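Step one of this worksheet: look at the structure below.
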There are 2 protein chains.
Amino acid sequence: MSSSVMRTQAHHIVPGMDIPESRIIQGDCIAEMEKLPAGSVDLVFADPPYNLQLQGTLHRPDHSLVDAVDDEWDQFASFDAYDNFTRAWLLAARRVMKPNASLWVIGSYHNIFRVGAILQDLGFWILNDVVWRKNNPMPNFRGRRFTNAHETMIWAARSAEAKYTFNYEAMKAGNEDLQLRSDWLLPICTGGERLKGKDGRKVHPTQKPEALIARVLMASSKRGDVVLDPFSGSGTTAAVSKRFGRSCVAIERDLEYAAASRDRLAGVETLPDEALAELPAKREAPRVAFSTVIERGLIAPGAVLTDSKRRVEASVRADGTVAFGRAIGSIHKMGALAQEAEACNGWTYWHVETAKGLAPIDSFRAVIREEMAGLSA
Amino acid sequence: MSSSVMRTQAHHIVPGMDIPESRIIQGDCIAEMEKLPAGSVDLVFADPPYNLQLQGTLHRPDHSLVDAVDDEWDQFASFDAYDNFTRAWLLAARRVMKPNASLWVIGSYHNIFRVGAILQDLGFWILNDVVWRKNNPMPNFRGRRFTNAHETMIWAARSAEAKYTFNYEAMKAGNEDLQLRSDWLLPICTGGERLKGKDGRKVHPTQKPEALIARVLMASSKRGDVVLDPFSGSGTTAAVSKRFGRSCVAIERDLEYAAASRDRLAGVETLPDEALAELPAKREAPRVAFSTVIERGLIAPGAVLTDSKRRVEASVRADGTVAFGRAIGSIHKMGALAQEAEACNGWTYWHVETAKGLAPIDSFRAVIREEMAGLSA
DNA sequence: GCGGCGGATGAATCTCACT
DNA sequence: CAGTGAGATTCATCCGCCG
């Protein structure tokens, strides 16, 4: 028997033995949860309908149609109807949770505030809100808002008194403390991981990435724990639970989704002990906006920019743009204009006068990069 | 008068003139907002009390202390009291907002879900939830949760129909020519920016960084706009508003905070005009008819138009229409027809051959726009 | 085999002035 | 106030094809 098995705590199930098979239940989540025994679940992960309230169609600038989430299951008559639905499933989930269980819910600004308020009303105790930052979100095609680049997860214990599971040491080890923050950077689910039907089209419109669920399970559950997912969808929670030695009860109303998840689950192997700890955190070179240099006071609005030979001048504006003659635009666009070039790296082209002489504005970016180092994971 | 001034829309205030002095009002925010004229505010930034459960000092709108009985703490009643308080100040703020005004609220998981749900119930229309990621958050000492490394801001229009202000192009130009995302990385307020009392201790426990407010104002307000802050605290919103040529009405209940913010505000200088002039959005640029381009001789009648790949051809007619095969119509309609698309921007779709190669007809429009700008200067 | 290029796509509350 | 039409609008990533 390996040493890692010896480290397993006494109340936990011995690896490879006695962990109940993960299963997909096809049916309405509230009715099915009511059939489960009270106090039988260690962790809940829920990805409920977001109630997006979309109207009309949206096209990309290249005229292609955005394949929106307009499914029947995401339609609610009113906020009130959505609230009633939310209260009902949260109450049903609460009943089957063990006293020390905790619950995760993921959502967007369309629904997450309602979910969070109702959670609190029902006596759940919020432990964190965790932000999933997408490094490849869909852009805002019409330029009317900020790119919706994140979703919010609420992590809550069944009550304020719950002795919930948080694998602090395990999470900290090997990850340089980075993943302990409440903001997580992860890509959306694409490529080979995305379930496709025989027609080659995505099976489910909102399949979550396995890495996201994996981090949730590794942080807030133990091996052999029973995980409940009331809105199983494409079965990601069940698949990740099985891979990481948890036992999942996944409920899904849609016949097609349920069938696809059973196929998916059958293809998943539980990982060997040694592999369970690693959760690679992707790093990237932090991008710095010129407006940040101004916001941080490193260059003042109104400051004069010049090229390295002091041949041309431009002036810095409060919003992070630059004025060159009558033209206004980014440091790059204005640098290109000043040189009558197609393109230009404004960071190295533009300089400011300092006590030590002319300095490229890139030197100020370096200051901010230094501070940002390590935060991108 | 500079061309940038001419581009400023009529309802905007002439730079350097007529921007009402920013002011700090000492008093209860609901009572003071009720004294302000309805529909008089362009933007609201609100940083309401966060965590009432821990502080235990919840006041009703009438200043009475909410009864927090030690041995029989009623959690539900406390949420209810906070909700009533939230509804009251949001309603008062909504009354003083112009129809096209928008509102920002910042909070943490303790209160933001309740605020967001009530916002929606009152008819506000959420535009984004924006995450302020702190690069230097307070660590979680007990190791029982993820480090709370962010706060959440909700940006909402007064109604779904509001034509809110969003300086999309300026924001994009200041951000490496990329759309600004919903997650912002900024340091917390420390060092010289942090207001200190005579005893050297911080004046206010939750002073927000000026960079955060600056980005909010630059993204969602115009010069001369009236900004309202019902929970002014250390006066950051007022200070940043004044610096960036906005007029702030700041309300603060606490005498000491109000006094400190007045001192702070007196030391703030408004930035010079050239740093504040707005980047005109393309949608606000003067309209140019295609027939004008022909009349001015920039493109001759009978000239051949083609797309950027030279796949299709059309011909220019003297009246400003375009012939594509047997069809005749506007540059936009014929561009759509050529692509079999629903719609098309003919200015960027159609090109003509020039000595320097293929040029979009938009470049000829730019010539005329440039002349028009010069004429008004 | 590899690199470049074109096409596809992801939980989306996504226009606005003028008649 | 509803209808109409000009015209403005995308980032990261993956996959497949072609040279």
Side-chain angles (χ1 to χ4, degrees), chain A residues 47-71 73-76 79 106-112 132 134-152 187-194 196 200-202 204-209 231 233 282 284 287, chain B residues 100 120 124-129 155-157 159-164 166 168-169 172 175-182 281-290 309 329-333 335-336 341-350 361-362 365:
Chain A
D47 183 7
Y50 286 11
N51 188 22
L52 286 188
Q53 307 172 72
L54 304 176
Q55 353 185 340
T57 57
L58 179 66
H59 291 84
R60 297 184 177 81
D62 65 4
H63 303 142
S64 64
L65 183 69
V66 173
D67 184 14
V69 178
D70 51 4
D71 305 70
W73 49 255
D74 200 46
Q75 311 293 325
F76 293 83
F79 281 135
I106 185 167
S108 67
Y109 66 82
H110 309 85
N111 72 323
I112 198 67
W132 168 29
K134 307 176 184 184
N135 52 5
N136 48 352
M138 193 181 343
N140 185 290
F141 296 117
R142 306 305 292 266
R144 296 299 296 140
R145 302 179 178 197
F146 299 98
T147 304
N148 211 340
H150 75 276
E151 293 185 25
T152 300
I188 60 176
C189 182
T190 58
E193 189 185 321
R194 189 93 196 205
K196 302 275 169 48
R201 292 169 41 150
K202 61 191 177 195
H204 193 277
T206 70
Q207 185 179 344
K208 295 293 175 290
F231 307 98
K282 189 174 176 177
E284 61 182 19
R287 199 192 288 271
Chain B
N100 291 332
Q120 293 179 308
F124 286 92
W125 190 246
I126 298 182
L127 300 168
N128 278 113
D129 57 336
W155 180 36
S159 73
E161 296 75 36
K163 308 226 174 298
Y164 57 91
F166 181 50
Y168 172 75
E169 299 198 311
K172 185 175 171 179
N175 184 47
E176 301 286 282
D177 291 321
L178 292 173
Q179 294 184 333
L180 215 48
R181 296 167 44 112
S182 56
K282 278 190 189 143
R283 355 181 106 86
E284 289 172 10
R287 286 206 173 195
V288 175
F290 185 56
K309 302 275 172 61
S330 70
I331 51 172
H332 310 297
K333 283 284 185 335
E342 292 263 321
C344 166
N345 181 345
W347 291 108
T348 52
Y349 178 73
W350 294 112
I361 60 176
D362 201 25
R365 178 171 64 163

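Since this is a predicted model, take the numbers as computed values, not measurements. The sequence lines fix the lettering, A, B, ..., with proteins before strands; numbering per chain opens at 1.
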B/Gln179 has a side chain; which of D/dT9, D/dC11, D/dT13 sits nearest to it?
D/dC11
Among the candidates C/dC16, D/dC11, C/dA12, find the nucleotide nearest to the side-chain atoms of B/Lys163.
C/dC16
Polar pair under 3.5 Å, donor/acceptor by atom type, side chain A/Asp62, base C/dA8:
no
Is B/Lys333 close enough to D/dA6 that one of its side-chain N or O atoms is under 4.0 Å from OP1 or OP2 there?
yes
Does the plane of the ring in A/Phe146 sit parallel, tilted or perpendicular to the ring in B/Phe166? Use 30° and 60° as the thresholds.
perpendicular
Under 4.0 Å between a side-chain N/O of A/Tyr109 and OP1 or OP2 of C/dT13, yes or no?
yes
Could you work out which one of D/dT10, D/dA8, C/dT9 sits closest to the side chain of B/Tyr168?
D/dT10
Both distances under 3.5 Å, Watson-Crick or G-U wobble: report the partner of C/dC14, or none.
none
Does A/Arg144 place a side-chain N or O at less than 4.0 Å from the phosphate oxygens OP1/OP2 of C/dC16?
yes
Would you mind classifying the nucleic acid contact of B/Glu169 as base, sugar-phosphate or nothing, using non-hydrogen atoms under 4.0 angstrom?
sugar-phosphate
For C/dG10 and A/Arg201 - does any side-chain N or O of the residue sit under 4.0 Å from the phosphate oxygens OP1/OP2?
no
Report yes or no: is there a donor-acceptor pair, N or O only, under 3.5 Å between the side chain of A/Arg60 and the base of D/dT9?
no
Of C/dA11, D/dA12, D/dT10, the nucleotide closest to the side chain of A/Pro61 is D/dT10
Check for me whether A/Arg144 meets the cation-pi criterion with B/Tyr164, that is, NZ or CZ under 6.0 Å from the six-membered ring centre and within 45 degrees of the ring axis.
yes
Closest to the A/Leu58 side chain: D/dT13, C/dT13, C/dA12?
C/dA12
For B/Ala343, answer base if it contacts any base atom (sugar-phosphate contacts may also be present), sugar-phosphate if it contacts only those atoms, and nothing otherwise; contact means non-hydrogen atoms under 4.0 Å.
base
Would you mind classifying the nucleic acid contact of A/Pro209 as base, sugar-phosphate or nothing, using non-hydrogen atoms under 4.0 angstrom?
nothing
So what does A/Gly192 hit on the nucleic acid, given a heavy-atom distance under 4.0 Å: a base, only sugar-phosphate, or nothing?
sugar-phosphate
Looking only at the side chain of B/Lys282 (C-beta and beyond, no hydrogens), which of the listed nucleotides D/dT13, D/dA8, C/dT13 gets closest?
D/dA8
Proximal nucleotide (of D/dT10, D/dA12, C/dT13) relative to the B/Lys172 side chain:
D/dT10
B/Trp125 stacking on C/dT13: centroids under 5.5 Å, ring planes under 30°?
yes
More than 12 non-hydrogen atoms from neighbouring residues, nucleotides or ligands closer than 6.0 Å to NZ on A/Lys196, yes or no?
yes
Answer with base, sugar-phosphate or nothing: what part of the nucleic acid does A/Trp132 contact at a heavy-atom distance below 4.0 Å?
nothing
Provide, to the nearest angstrom, the distance between the CD atom belonging to B/Glu342 and the C1' atom belonging to D/dT9.
16 Å
From C/dC14, C/dG10, D/dT10, nucleotide with atom closest to A/Lys202 side chain
C/dG10
Please tell me if B/Arg181 has a side-chain N or O lying less than 4.0 Å from either OP1 or OP2 of D/dA12.
no
Short side-chain N/O contact to D/dA6 OP1/OP2 from B/His332, under 4.0 Å
no
Figure out the CD/C1' separation between A/Glu151 and C/dT13, and round it to whole Å.
14 Å
If only side-chain N and O atoms of A/Asn148 are considered, is one of them under 4.0 Å from the OP1 or OP2 phosphate oxygen of C/dA12?
no
What does B/Leu178 touch in the nucleic acid at a heavy-atom separation under 4.0 angstrom: a base, only the sugar-phosphate, or nothing?
sugar-phosphate
Between the side chains of B/Lys172 and B/Asp177, is the shortest nitrogen-to-carboxylate-oxygen separation below 4.0 Å, so that they form an ion pair?
no
May I ask you to verify whether the side chain of B/Arg365 and the base of D/dG7 hold a donor-acceptor pair under 3.5 Å?
no
Reckon B/Asp177 touches a base, only the sugar-phosphate, or nothing at all at heavy-atom distances under 4.0 Å?
sugar-phosphate
For D/dT10, the Watson-Crick or wobble partner whose two distances fall under 3.5 Å
none
Nearest-neighbour nucleotide for the A/Phe79 side chain, C/dT13, D/dG7, C/dA11 considered:
C/dT13
Basic-acidic side-chain contact under 4.0 Å: A/Asp67, A/Lys202:
yes
Compare side-chain N and O positions of B/Arg283 against OP1 and OP2 of C/dT15 and report whether any pair is under 4.0 Å apart.
no
Counting heavy atoms from C-beta on, name the nucleotide in C/dA11, C/dC14, D/dT9 closest to the side chain of A/Thr206.
C/dA11
For a quick check of understanding: with a heavy-atom distance under 4.0 Å over all strands, which category does A/Asn51 fall into, base, sugar-phosphate or nothing?
nothing
Report yes if a donor N or O on one partner sits less than 3.5 Å from an acceptor N or O on the other, where the partners are the side chain of A/Lys208 and the base of C/dA11; otherwise report no.
yes
